[in-house]
Amino acid sequence: MCLPLSYSFSFDLVDLYDAVGRERKLNLNCAEDSSLFKNLINDSLDNSLTDTMIYGRRTEAMFSYVAASLGKCNIIKKEDSGDVLSSNPEIIVPDYKLVLKDGTQLLVEVKNYRQIKPFAEFSVKTSYIDKLLTYARLVNSELYFAIYWSAWELWTLVKPCDFISEAGKSKLSLDTALKRNNMSVLGDAHIATKSPLTIRFYTDKTQPHKVNDTGEAYFVIGKVEIKCDGSTILSKDEQKIAMALMMYGCWRESNRVWNYDKESRLIDYIEFEFCPEEANLEQGFDFVDSISTIISRQYCQLTAPNGKVERLTPNISPGLLGIVIPDGYMSDTLPLWILHQVPNYE
């Protein structure tokens with residue numbers, strides 16, 4: 001499902017001018033104050049473009065795209081934007097409010113965490129969680145933390161009770177976060193299929209497709225063929241799923257074939273094959289990745305195409321990333337095993 005952005009840039013600018021104006025005593029109708037505001041924004045932007053700010057804000061935005069693309073949300077609202085007037089000063093407003101299709105409402109605080117050590121615990125001040133919980137109680141909604149373990153490219157959605165508090169700090173291990181993960185309520189699942197997944201590009205035989213004397217060849221693609229475990233996938237929707245699994249799943253390219261006639265040096269096709277590092281032959285299928293990780297890899301590619309973050313959000317509507325697997329999906333050519341994780345509180 002595509003959730004379009006509801007956004008007014010001009011309103012946000014006026015609200016920002018008013019917010020800055022209250023502190024700096026700026027006049028909305030004064031040209032000098034308008035110029036001063038522009039200079040303040042330029043200086044503030046220069047000081048704010050740190051790696052910590054950029055990656056943190058991008059992860060926050062990425063979560064909204066992940067939640068929209070997983071398909072279980074009716075509304076995803078930025079909760080912490082704009083003024084909040086409260087009789088209780090000990091509150092912090094979470095990043096998002098989510099309304100699921102079954103009517104459930106969630107408040108979500110998003111955190112980007114890149115461990116220096118692979119299994120280092122995530123931690124925040126206990127007072128920080130308490131202030132978020134105070135707000136959640138005031139608006140009668142349940143609070144969750146969406147943590148992106150960036151070194152592992154994993155999303156977990158956990159409750160405040162999953163943290164262990166000690167000496168003013170609340171800590172969460174990756175092991176606990178994975179066991180208590182609630183991402184399935186947003187529609188997340190682990191996807192598995194048979195290997196290998198292959199994509200074959202046939203040359204257009206009406207166009208040049210010959211290897212020259214220096215070993216180079218220029219050709220035009222005439223047809224694309226996608227296979228799963230040797231079976232050709234004909235359905236367009238299934239082809240899209242297979243392409244996403246190959247491009248953004250954890251399987252790696254294991255073989256590349258250039259099929260051409262040595263005498264004529266004419267190229268017939270080029271084939272790329274993707275397999276898990278260690279296939280489970282007894283099981284008969286292998287896990288490719290979670291849908292949320294596939295969405296996140298695609299999001300990162302669109303916002304940092306050359307490895308460095310160029311923008312916080314991609315030029316694409318939320319809800320159009322990842323893969324769409326219809327309810328009751330069945331296929332002989334692209335069989336899928338779809339596992340929905342239930343949190344373990346034992």
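Treat the numbers as computed from the prediction; the structure is a model and nothing was measured.
Taking 4.5 Å as the limit, some side-chain heavy atom of Glu225 sits within range of a side-chain heavy atom of Tyr202. No side-chain heavy atom of Ser170 sits under 4.5 Å from any side-chain heavy atom of Lys125.
At distances below 3.5 Å, at least one donor-acceptor pair connects side-chain atoms of Asn182 with backbone N or O atoms of Leu157. Under the 3.5 Å distance criterion, the side-chain polar atoms of Asp95 are matched with a main-chain donor or acceptor of Val110. Put simply, the side chain of Thr59 gets close to the backbone of Tyr55: a donor and an acceptor are under 3.5 Å apart. In terms of modelled atom types and a separation under 3.5 Å, the side chain of Gln298 and the main chain of Gly322 share a donor-acceptor contact. At least one donor-acceptor pair under 3.5 Å links the side chain of Ser290 to the backbone N or O of Thr293. No side-chain donor-acceptor contact under 3.5 Å links Asn344 to the backbone of Arg180. Side-chain atoms of Asp229 never come within 3.5 Å of backbone atoms of Pro196 as a donor-acceptor pair (strictly under, hydrogens ignored). Of the possible donor and acceptor atoms, none in the side chain of Asn306 sits under 3.5 Å from a partner among the backbone N and O of Lys308. With hydrogens and angles disregarded, a donor-acceptor distance shorter than 3.5 Å links the side chain of Arg297 to the backbone of Tyr248. Counting only distance, with no hydrogens or angles, the side chain of Ser184 and the backbone of Gly187 share no donor-acceptor pair below 3.5 Å.
Among Tyr135, Tyr128, Tyr144, the single residue meeting the side-chain hydrogen bond (donor to acceptor under 3.5 Å, both in side chains) criterion with Glu109 is Tyr128. The only member of Tyr113, Tyr148, Tyr299, Trp149 that meets ring-ring contact (aromatic ring centres under 6.0 Å, His included) when paired with Trp155 is Tyr148.
Counting non-hydrogen atoms of other residues, nucleotides and ligands closer than 6.0 Å to CG of Asn140 gives a total of 12 or fewer. The environment of OH in Tyr218 is sparse: at most 12 heavy-atom neighbours from other residues, nucleotides or ligands sit within 6.0 Å. More than 12 heavy atoms of other shown residues, nucleotides or ligands fall within 6.0 angstrom of atom CD in Gln283.
Residues Trp152 and Phe119 place their aromatic rings such that the two centres sit under 6.0 Å apart. Note: Phe122 and Phe145 fail the aromatic proximity criterion, with ring centroids not under 6.0 Å apart.
By the criterion of side-chain heavy atoms lying less than 4.5 angstrom apart, applied directly or through intervening Ile, Leu, Val, Met, Phe, Trp or Tyr residues, Met246 is grouped together with Ile221 in one hydrophobic cluster.
A salt bridge is absent between Glu238 and Lys236; no separation between the charged side-chain nitrogens and carboxylate oxygens falls under 4.0 Å.
Nearest heavy atom pair, residue Val324 against residue Ile241, reads O-CD1, 3.7 Å. In plain terms, the two heavy atoms of Ile338 and Ala189 that are nearest each other are CG2-CB, 3.7 Å. In plain terms, the two heavy atoms of Thr193 and Cys228 that are nearest each other are OG1-SG, 3.6 Å.
Figure legend: Lys78 and Tyr96 shown as a cation-pi pair, the cationic atom lying under 6.0 angstrom from the six-membered ring centre and within 45 degrees of its axis. With Phe272 as the aromatic partner, Arg256 does not meet the cation-pi criteria of under 6.0 angstrom to the ring centre and within 45 degrees of the ring axis. Cation-pi geometry between Lys194 and Phe285 is not met: the NZ or CZ atom fails to fall both under 6.0 Å from the ring centre and inside 45° of the normal.
To the nearest 0.5 angstrom, Asp237 atom CG is 11.0 Å from Leu334 atom CG.
Remark: the Lys205 side chain and the Thr203 side chain contain an N/O donor-acceptor pair separated by less than 3.5 Å.
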